[in-house]
Amino acid sequence: MQTANDLRALLQRIDRRSYPAYKDTRGAYQFPGYVLSIDHVQGDPFAAPSRLSIRVGGKAAAFPPALYASRPQRIALQDALTRKFGHLAARASGQAKGSGHSGLVSVSRCGQEVLERTACSLDPATGAVLLRLEVGFPANGRTINARELDKLLFDLLPRCVQGSLIYAAWKPERLQAVAHLAEDQAYIRQALPKLGLCAFVADGSILPRSSGVSQLPMEGAVPFRSPASLSVTLDLPHRGKLTGMGVPRGVTLIVGGGYHGKSTLLKALELGVYDHIAGDGREYVITDSSAVKVRAEDGRSIVNTDVSMFIRGLPNGKDTAAFSTQDASGSTSQAANVVEALEAGAGVLLMDEDTSATNFMVRDQLMQRVIRRDMEPITPFLDRVRELYDRRGLSTILVAGSSGAYFHPADHIIQMDRYVPRDVTDLAKKEAAAFPLRSDPLPPAEDPNFARRPKADPAYAQNDRVKVKSMGRDGVLIDRENIDLRCVEQLADGEQTAALGLCLVYARRHLFDGKRTLAQIAQELENLMDQKGLEALCPGRDSVPFLARPRRQEILACLDRWRGLKF
């Protein structure tokens with residue numbers, strides 16, 4: 001391995017040469033206390049920045065093993081290191097001047113959620129820390145400015161490393177609080193099924209966000225307070241006793257007037273599948289980790305999906321037990337989304353009436369009198385929601401503002417009144433008794449067919465040059481194929497969509513064989529990331545991009561939305 005002095009001498013030799021000479025810097029260099037690796041060098045100052053990595057050995061980093069004893073603690077510690085390094089890097093960024101991206105220093109931009117990322121990883125066996133970053137190598141025009149890069153690599157970066165990746169730079173109580181919060185959140189998540197709950201919202205939580213473009217908590221917002229009938233007290237390992245609202249398994253309805261907080265509560269629940277940082281206001285909003293938000297999605301691609309539970313007897317004679325379309329309607333897309341959630345192993349469905357297809361959700365009494373059941377191919381969700389829980393154990397949490405028909409199948413009805421939840425189950429059931437549902441008897445739905453096995457593509461397996469580009473949380477571009485993920489609402493970070501793109505590329509190369517089902521492929525991708533990390537998704541690349549780990553439910557959602565899927 002070369003030394004830091006070797007790198008400095010190299011920079012002096014290439015100073016003022018044309019920009020491609022920076023390629024000579026690739027390699028690993030021993031600095032005092034850590035190893036700096038230059039993994040990928042940008043082609044010119046206006047191209048994507050160069051990719052570097054910093055490895056600090058376990059003895060030098062010296063983080064106590066108690067801080068990363070469990071997987072949730074380790075991910076939380078990695079998240080804390082990434083955030084602090086990013087904060088210090090933001091100060092250093094731009095201090096080296098030049099054209100294009102000269103002087104840029106950046107790492108992953110973490111949101112309010114705590115996600116497993118390639119940006120920082122800690123080896124649980126040795127305690128070694130690996131951090132990945134991007135640096136814009138300085139230039140004047142397209143001429144190397146090695147003196148400015150020397151300042152970055154030998155002055156600014158060492159300060160970032162010493163201030164974030166070394167335990168001595170931290171206040172011990174701060175990292176202890178990170179570990180304790182992660183352990184408490186894991187405790188709640190594990191306790192949910194034992195208590196017969198699908199979600200928990202702690203009293204005092206701040207659910208509203210400051211704006212539509214910011215996930216920071218709203219100042220002056222009404223703190224959450226559980227109704228007494230749904231109040232649950234947990235005894236956490238570190239926080240101690242914590243009281244809040246337990247959402248029982250079954251069918252739960254969230255009702256109330258406009259602007260009273262119905263969708264705000266649902267949004268907190270849908271992102272409760274992830275842990276949140278301290279101070280977010282939702283750090284103790286914990287949802288069943290398999291919960292899936294479902295909505296209508298006009299225009300999406302559906303391939304060979306069994307939607308016969310909800311749709312059958314189409315006028316055009318299409319087989320709804322193996323339904324395909326490249327331009328789904330609101331009702332067919334929502335039916336497919338529900339069935340695909342079942343296929344992905346969801347234990348909870350989350351729905352908002354505002355983003356649902358009306359004819360999929362309910363048919364009122366007058367419509368049923370005019371259009372008989374035998375004339376309507378759609379079986380509304382209202383007629384299946386009870387069966388989904390009683391026969392398949394799939395709970396539903398539904399926001400409804402206009403249809404009281406769901407009072408009948410609901411187990412619990414929560415009214416949001418100026419952001420304060422009230423249990424109105426008894427009142428709603430009493431009122432609903434005066435409006436009995438009129439419906440013809442409906443036979444139970446047959447179990448959906450989940451034996452979809454995508455075919456192998458030998459030509460694709462031989463193509464080793466595939467471009468994957470994240471389009472933020474909206475989707476991912478694979479070569480010229482755009483996979484639209486705008487309606488997969490539980491994606492919290494654009495780095496998750498980048499990982500989903502690589503999941504699809506890996507699956508097409510190695511797992512599409514006509515034998516594995518889509519659910520098995522998603523599970524194998526999860527196993528791969530469990531065993532080898534996110535880096536295993538990009539073998540053969542000269543550097544690992546910034547990625548964040550998606551759930552199995554989003555992996556399957558991405559596979560289902562690829563328009564090239566063939567069986």
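Residue numbers run from 1 in the order of the sequence given.
- With respect to the salt-bridge test (charged N to carboxylate O, under 4.0 angstrom), the residues Arg300 and Asp484 do not qualify.
- Under a 3.5 Å cut-off, the side chain of Asn145 and the backbone N or O of Pro138 do not form any donor-acceptor pair.
- A salt bridge does not link Glu495 to Arg132: none of the charged side-chain nitrogens sits closer than 4.0 Å to a carboxylate oxygen.
- A donor-acceptor contact shorter than 3.5 Å links the side chain of Gln78 to the backbone of Leu122.
- The backbone N or O of Ala28 sits nowhere less than 3.5 Å from a side-chain atom of Ser37 that would complete a donor-acceptor pair.
- Ion pairing between Glu270 and Arg295 fails under the 4.0 Å rule for side-chain N and carboxylate O.
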- Please lay out, stage by stage, how Ile478 and Trp562 fare under the test side-chain contact (heavy atoms from CB on, under 4.5 Å). CA-CA 10 Å; Ile478 302 177; Trp562 175 45; over 6 Å; no
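- There is a side-chain donor-acceptor pair under 3.5 Å between Arg91 and His87.
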- Test log, rule side-chain hydrogen bond (donor to acceptor under 3.5 Å, both in side chains), inputs Gln42 and His101: CA-CA 10 Å; Gln42 62 203 93; His101 295 297; over 6 Å; no
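- Side-chain atoms of Gln326 do not come within 3.5 Å of backbone N or O of Ser301 as any donor-acceptor pair.
- Although no hydrogens or angles enter the test, the distance criterion places no donor-acceptor pair under 3.5 Å between the side chain of Asp150 and the main chain of Ala146.
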- Query: Could you walk me through whether Arg561 and Cys487 pass the side-chain contact (heavy atoms from CB on, under 4.5 Å) check?
  - Reply: CA-CA 10 Å; Arg561 283 159 181 76; Cys487 293; 5.5 Å; no
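- Classification of the Tyr22-Tyr19 ring pair by plane angle, with boundaries at 30° and 60°, yields perpendicular.
- Annotation: side chain of Tyr284 is in contact with side chain of Leu181 (closest heavy-atom distance under 4.5 Å).
- With a 6.0 Å radius and a threshold of 12 heavy atoms from other residues, nucleotides or ligands, Lys469 has its NZ atom at or below the threshold.
- Between Asp280 and Arg282 there is a salt bridge, with a side-chain nitrogen of the basic residue lying less than 4.0 Å from a carboxylate oxygen of the acidic one.
- Of the possible donor and acceptor atoms, one in the side chain of Asp123 sits under 3.5 Å from a partner among the backbone N and O of Ala125.
- Asp6 places a side-chain N or O within 3.5 Å of a backbone atom of Thr3 that can act as its donor or acceptor partner.
- Phe63 and Tyr167 have perpendicular rings, their planes meeting at more than 60° on a 0 to 90° scale where under 30° would count as parallel.
- Under the 3.5 Å distance criterion, with hydrogens and angles disregarded, no donor-acceptor pair is assigned to the side chains of Glu283 and Gln185.
- The closest side-chain heavy-atom distance from Val129 to Tyr34 is not below 4.5 Å.
- The residues Asp275 and Arg189 are annotated as salt-bridged, a charged nitrogen and a carboxylate oxygen being separated by less than 4.0 angstrom.
- In terms of modelled atom types and a separation under 3.5 Å, the side chain of His276 and the main chain of Tyr274 share a donor-acceptor contact.
- Counting heavy atoms of neighbouring residues, nucleotides and ligands inside a 6.0 Å radius, atom CZ of Arg563 exceeds 12 of them.
- At most 12 heavy atoms of other shown residues, nucleotides or ligands fall within 6.0 angstrom of atom CZ in Arg473.
- A donor-acceptor pair is defined here as one N or O able to donate and one able to accept, closer than 3.5 Å; such a pair exists between the side chain of Arg552 and the backbone of Ala344.
- Contact annotation: the side chain of Arg51 approaches that of Pro545 to within less than 4.5 Å [non-hydrogen atoms, C-beta and beyond].
- Of the possible donor and acceptor atoms, none in the side chain of Ser214 sits under 3.5 Å from a partner among the backbone N and O of Ser211.
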- Task: For the pair Met351 and Val338, evaluate side-chain contact (heavy atoms from CB on, under 4.5 Å) and give the outcome as yes or no after the intermediate values.
- Result: CA-CA 10 Å; Met351 289 190 187; Val338 171; 3.7 Å; yes
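- The shortest heavy-atom contact between Phe512 and Lys455 is CB-O, 3.4 Å.
- Considering only heavy atoms from C-beta on, Arg159 stays 4.5 Å or farther from Gln162 through its side chain.
- The heavy-atom pair separating Leu207 from Ala268 by the smallest distance is CD2-CB, 3.9 Å.
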